[in-house]
Amino acid sequence: MKRLREKLHGQSGMSILLALLMFLVCVMVAASVLAAATSNAGKIRSNQVEHQKYLTLSSAIRLICDELERAEYIGQYQVYEWSTPEGKDNQGNVITPAVNYFYVKQATGKYSCDRLTAQLPLRKELDEIFSKQFTGGGYRPLGGTDIEVPTKRTLIVTLDGLDGYPSPKDPAKPTVYEVPQEVTVEVTLSHSTRHITVTAWLGGGDAPPDDGSNVMSAELVAKVADSFGALQDGNPLVIDYNPGGRSPGGSPSGEAKETKITSTMKWELHWIKKGAA
């Protein structure tokens, strides 16, 4: 160490070269440290942006799923019962027996989806699903289509007032998300399973990105709600009517005997995941 100190304080050219070499080494070490710091800062900012996108999508899809979990559908149908008296001849002999008839006619169901009833008008499609329960003589469903193509509804969700990461311009102040806050949400009702699939992606467009980036999806399963509101598996769209030995008849005249309803159909969130369904 003493010898090195003497060389540094010496007046020869070797001492100057040694000093320059040490200076160069210090510069290279400092440059490496600065490059590493810059790279890490870029990675942190990139991770923050990706996390913002994830939070934006998850907030939007959660919002829609929460509304759909409040949705419910109740099928309605009217029951008619009537009889024709015995037919007798002039001598009072019975020539035709009395016949008891029945007729069941589907009525428009009841559907609500909390604050999204107007944005997700699914009553007509749910009535068509319920109409499949009307089979055989004496049962008349509402007019509909037999095409079991999933019903799709698309809406735009704008998320406001969400705190994000500090803005690079003013680190002391939190700012709203710097990624787009407009999210496209597609709600699909399956006619065969009655389940609902939700797909959300950032921005607009008719379809989510092909690569699945910035996309989230969820599935809600159709359930039966009992009188206490508890959800159970099963078929909620069951016609609870037994003709009791009656024969199917044509369209009756007069008022229906009663209007009956099915169990309440609701939807329960099954899963949420990143990527398309």
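The figures here come from the full heavy-atom set of this structure, side chains too, leaving out hydrogens, waters and symmetry mates.
If you take OG on Ser83 and CZ on Phe102, they are separated by 13.0 Å, rounding to the nearest 0.5 Å. Atoms OH and OG, from Tyr54 and Ser59 in turn, are 9.5 Å apart once rounded to the nearest 0.5 Å. Glu125 contributes atom CD, which lies 12.5 Å from atom OG of Ser190 (distance to the nearest 0.5 angstrom). Here the NE2-SG distance, from His270 to Cys65, works out to 12.5 Å after rounding to the nearest 0.5 Å. In this structure, CG on Leu202 lies 4.5 Å from CG on Asn214, to the nearest 0.5 angstrom. Separation of atoms CG (Leu189) and CG (Leu120) is listed at 10.5 Å; rounding is to 0.5 Å.
Sorted by first and then second residue, the ring-ring contact (aromatic ring centres under 6.0 Å, His included) pairs with a member in residues 104-132 read Phe130-Phe134; sequence neighbours excluded.
Hydrophobic clustering (side-chain heavy atoms under 4.5 Å, transitive across Ile, Leu, Val, Met, Phe, Trp, Tyr) keeps Leu126 apart from Val221. By the criterion of side-chain heavy atoms lying less than 4.5 angstrom apart, applied directly or through intervening Ile, Leu, Val, Met, Phe, Trp or Tyr residues, Met216 is grouped together with Leu63 in one hydrophobic cluster.
Of all heavy-atom pairs between Gly136 and Arg140, the closest is O-NH1, 4.3 Å. Of all heavy-atom pairs spanning Gly138 and Pro248, the tightest one is N-CB, 3.5 Å. The two residues Ala218 and Leu269 come nearest to each other via the heavy atoms CB-CD1, 4.1 Å. When every heavy atom of Cys113 is checked against every heavy atom of Leu68, the shortest pair comes out as SG-CD2, 3.9 Å.
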- Message: Assess the residue pair Ile272 and Arg62 against the criterion (side-chain contact (heavy atoms from CB on, under 4.5 Å)); give the C-alpha distance rounded to whole Å, side-chain angles, the decisive distance to 0.1 Å, and a yes or no.
- Response: CA-CA 9 Å; Ile272 292 180; Arg62 269 286 180 186; 3.7 Å; yes
- Show the numbers, then the answer: is there a side-chain contact (heavy atoms from CB on, under 4.5 Å) between Asp240 and Thr262? CA-CA 7 Å; Asp240 184 21; Thr262 65; over 6 Å; no
- Task: May I have the step-by-step check of side-chain contact (heavy atoms from CB on, under 4.5 Å) for Val187 and Thr199, ending in yes or no?
- Result: CA-CA 7 Å; Val187 177; Thr199 305; over 6 Å; no
- Could you walk me through whether Glu81 and Arg246 pass side-chain contact (heavy atoms from CB on, under 4.5 Å), step by step? CA-CA 8 Å; Glu81 293 181 357; Arg246 292 178 175 272; 3.6 Å; yes
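More than 12 heavy atoms of other residues, nucleotides or ligands sit less than 6.0 Å from atom NZ of Lys273. Atom NZ of Lys110 sits in a sparse spot, with 12 or fewer heavy atoms from other residues, nucleotides or ligands closer than 6.0 Å.
Cluster note: Trp82 groups with Tyr80, Val99, Tyr101, Tyr103 through ILVMFWY side-chain heavy atoms spaced under 4.5 Å, whether in direct contact or through intervening members. Here Val224 sits alone; no ILVMFWY side chain lies under 4.5 Å from its own, so it joins no hydrophobic cluster. Alongside Ile261, the hydrophobic cluster contains Ile74 (criterion: ILVMFWY side chains under 4.5 Å).
Remark: Glu186 does not engage Arg153 in a salt bridge, criterion side-chain N to carboxylate O under 4.0 Å. Salt-bridge annotation for Arg70 and Asp66: absent, with no side-chain N of the basic residue lying under 4.0 Å from a carboxylate O of the acidic one.
In this structure, Tyr73 has no ring-ring contact (aromatic ring centres under 6.0 Å, His included) partners at least two apart in sequence or on a different chain.
Considering only heavy atoms from C-beta on, Val198 comes within 4.5 Å of Val185 through its side chain. Contact check for His195 versus Leu220: no side-chain heavy atoms found under the 4.5 Å cut-off. In this structure the side chain of Arg115 reaches within 4.5 angstrom of the side chain of Glu67, judged on heavy atoms. Side-chain contact check for Thr151 versus His191: some heavy-atom pair is nearer than 4.5 Å. With a 4.5 Å cut-off on side-chain heavy atoms, Thr259 and Val79 do not count as touching. Within the 4.5 Å cutoff, the side chain of Thr108 has no heavy atoms near those of the Gln76 side chain. Side-chain contact between Lys53 and Leu57 is absent, with no heavy atoms from C-beta onward closer than 4.5 Å.
Looking only at distances, no side-chain donor or acceptor of Glu72 sits under 3.5 Å from a matching main-chain atom of Lys266. The backbone N or O of Thr154 lies less than 3.5 Å from no partner atom in the side chain of Gln119, so there is not a single donor-acceptor pair.
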Tabulate below the donor-acceptor pairs under 3.5 Å that side-chain atoms of residues 228-238 make, not counting sequence neighbours, or state none.
unit_1: Gln232; atom_1: NE2; unit_2: Asp226; atom_2: OD2; d: 3.2
unit_1: Asp233; atom_1: OD1; unit_2: Lys223; atom_2: NZ; d: 2.3
unit_1: Asn235; atom_1: OD1; unit_2: Arg194; atom_2: NH1; d: 2.7
unit_1: Asn235; atom_1: OD1; unit_2: Leu237; atom_2: N; d: 3.0

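Ring centroids of Tyr241 and Tyr139 are separated by 6.0 Å or more, keeping the two rings apart.
Tested against Pro141 for a side chain to side chain contact (heavy atoms under 4.5 Å, CB included), the candidates Gln106, Lys105, Lys132 yield a single pass: Gln106.
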